[in-house]
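Below you'll find the structure, written out as structure tokens, and then a few comments.
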Amino acid sequence: MAKRSCRCRGRWAVPHMSIPLSEPNLGPAETAHVLEALQTGFVSSVGAAVVKFEQDFAKRVGRKHAIACSNGTAALHVALRLVGVEAGTDVLCADFTFAGSGNPIAYLGANPVFIDSERETWNLDPELVVREIERRAAAGESQPSAVEVVHVLGQPARMEEIVDVCERYGIPIVEDAAESLGAEWSTGRYAGVHTGAVGIIGCFSFNGNKIATTGGGGMLVTDDDELARRARHLTTQAKVPAIGYLHDEVGYNYRLTNLAAALGNAQLGRLDEFVASKRRIANAYDEAFANLDVVLPPRVEGLDSTYWLYSILAKNEAERDRLLAHLEASGVGARALWRPLHAQPAYAGSAHIGTGVGMELFERGVSLPSSTHLTVDDQETVIKAVRDFYDGELV
Ligand SMILES: *Cc1c(COP(=O)(O)O)cnc(C)c1O
């Protein structure tokens with residue numbers, strides 16, 4: 001196996017040894033934008049690049065306001081606080097997701113209620129959300145202070161039922177669209193709407209492994225003028241324009257730097273190219289694995305995934321472990337899917353409404369290299385390694 005040089009690295013890249021899981025795609029446009037920002041001297045939290053990034057991003061996802069943040073977790077923290085999540089309240093949240101979805105709930109002293117996935121989309125199960133909210137209503141219990149919908153792996157969640165029940169009881173929806181930049185619904189009530197543009201606030205991440213990166217960064221989007229003003233205020237230490245330092249509440253240092261936004265501008269300009277690459281990679285994997293005894297990622301009419309991280313399901317946990325070991329030995333940077341949040345030591349004792357689907361996705365799931373600049377040769381190497389494994393399993 002050829003050694004690879006460590007040129008640029010997402011958090012999930014395996015240095016020096018294998019085809020990375022998901023690496024940033026950086027070219028001349030990125031260099032030019034970052035250099036220009038550097039030359040203006042505006043490297044910190046104000047500057048033309050941040051303004052442009054926010055404006056272009058809002059336009060791209062179809063929302064009135066976009067507020068750049070230091071990362072996606074920070075954006076979610078501010079979003080949940082702004083919609084009224086307070087200590088002691090419950091927040092319904094997807095269970096099968098990255099820890100960055102759940103941690104901001106804990107930052108606010110609120111109690112996550114982790115809702116299991118549906119098998120069809122791997123996203124939180126609308127039926128479980130509806131049932132829990134209606135159960136609370138019937139029992140006269142207090143309703144959650146928010147519902148946090150996550151669009152995992154680039155796959156838009158099924159929204160209609162969740163929106164309807166939340167509207168009925170006045171519960172705000174925050175969308176964690178960290179993994180679904182570029183993904184839209186294509187049929188139904190939200191046809192043509194971008195993920196993150198349905199809830200009162202949507203949040204995105206530009207971590208190095210995401211479809212577009214700023215090195216580290218995030219975005220909060222909303223159509224509400226007052227929420228946007230408050231988001232901008234809270235992310236800049238809640239500093240009031242006045243002589244001297246005046247802060248009218250406890251804020252955060254959560255602004256994105258101009259230098260990072262410059263990188264974001266270059267990446268946003270290439271987003272369509274990136275989405276097309278992810279989908280092309282997914283189609284090639286689907287075709288290559290069609291006759292293997294694995295479950296392929298969701299393909300749901302109207303819920304068009306970007307396949308941010310292409311993931312398959314092995315037969316069971318033991319087979320997943322053997323597959324991961326085989327891929328590692330073959331120089332393929334594969335990785336297991338997330339352990340559901342309710343099963344994390346950090347969330348021991350938290351509420352969980354489950355059917356076992358998320359745990360099964362964890363036990364069986366394997367993500368395969370999905371960088372937007374994955375070469376045909378490298379993808380062939382991955383495909384051959386997976387096929388060789390299953391040929392070996394048969395004997
Ligand atoms: C990446 C990610 C986050 C957090 O974003 P950061 O920018 O890494 O803080 C939150 N939720 C999900 C689902 C993510 O994948």
Side-chain angles (χ1 to χ4, degrees), residues 9-13 21-24 53 57 66-81 85 91-108 112 114-115 117 121-124 146-157 173-183 195-196 199 201-221 235 252-257 260-261 263-264 267-268 278 297 305-311 335-342 344 346-347 358 361-362 365 367 370:
R9 295 286 156 205
R11 189 171 56 189
W12 290 2
L21 187 63
S22 184
E23 249 195 339
F53 191 39
F57 195 89
I67 292 91
C69 300
S70 49
N71 56 65
T73 311
L76 282 166
H77 184 192
V78 170
L80 291 171
R81 179 167 157 186
V85 172
V91 175
L92 305 193
C93 179
D95 185 34
F96 175 70
T97 180
F98 176 62
S101 304
N103 287 343
I105 301 169
Y107 298 164
L108 291 163
F114 293 118
I115 307 287
S117 296
T121 65
W122 301 2
N123 285 313
L124 90 174
V147 171
E148 185 183 332
V149 177
V150 187
H151 308 290
V152 294
L153 304 168
Q155 172 65 61
I173 295 173
V174 170
E175 288 176 81
D176 177 350
E179 299 175 5
S180 65
L181 179 57
T195 51
I201 299 178
C203 296
F204 294 84
S205 165
F206 312 115
N207 184 44
N209 62 3
K210 299 292 172 17
I211 193 165
T213 187
T214 59
M219 194 72 86
L220 182 158
V221 299
T235 53
Y252 312 97
N253 179 11
Y254 276 175
R255 286 291 282 164
L256 187 71
T257 69
L263 185 52
Q267 293 265 289
L268 195 58
K278 295 276 191 193
S305 181
T306 57
Y307 301 99
W308 164 62
L309 267 190
Y310 184 92
S311 308
R335 156 171 304 217
L337 284 172
W338 313 281
R339 183 185 300 275
L341 295 183
H342 84 271
Q344 297 285 357
Y347 289 103
L361 294 172
F362 161 59
S367 300
S370 305

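In each ligand, atom 1 is the first atom listed, and ligand 1 is the first ligand listed.
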Minimum heavy-atom separation for Ser101 to Asp176, with atom names? OG-OD2, 2.7 Å
Which of the numbered atoms in ligand 1 are under 4.0 angstrom from any heavy atom belonging to [X]?
{"X": "Ser101", "result": "10 (C), 11 (N), 12 (C), 13 (C)"}
{"X": "Phe98", "result": "2 (C), 3 (C), 14 (C)"}
{"X": "Thr97", "result": "13 (C)"}
{"X": "Thr73", "result": "4 (C), 5 (O), 6 (P), 9 (O)"}
{"X": "Gly72", "result": "5 (O), 6 (P), 7 (O), 9 (O)"}
{"X": "Gly217", "result": "7 (O)"}

Counting only heavy atoms not in Arg339, do more than 12 fall under 6.0 Å of its CZ? no
What do we get for Asn71 next to ligand 1 when only non-hydrogen atoms under 4.0 Å count, side chain, backbone, both or neither? both
Between Val150 and ligand 1, find which residue part has any heavy-atom pair under 4.0 Å and reply side chain, backbone, both or neither. side chain
Is any side-chain heavy atom of [X] less than 4.5 Å from a side-chain heavy atom of [Y]?
{"X": "Leu124", "Y": "Val150", "value": "no"}
{"X": "Phe114", "Y": "Pro340", "value": "no"}
{"X": "Tyr107", "Y": "Tyr252", "value": "no"}
{"X": "Tyr310", "Y": "Leu21", "value": "no"}
{"X": "Glu179", "Y": "Ile211", "value": "no"}
{"X": "Trp338", "Y": "Leu361", "value": "no"}

Using a 3.5 Å cut-off on N or O atoms only, is Trp308 in polar contact with ligand 1? no
Lys210 N/O to ligand 1 N/O under 3.5 Å: yes
Under a heavy-atom criterion of less than 4.0 Å, does Gly218 contact ligand 1? no
Nearest heavy atom to atom 11 (N) of ligand 1, choosing from Thr213, Asn209, Thr214, Asp176, belongs to Asp176
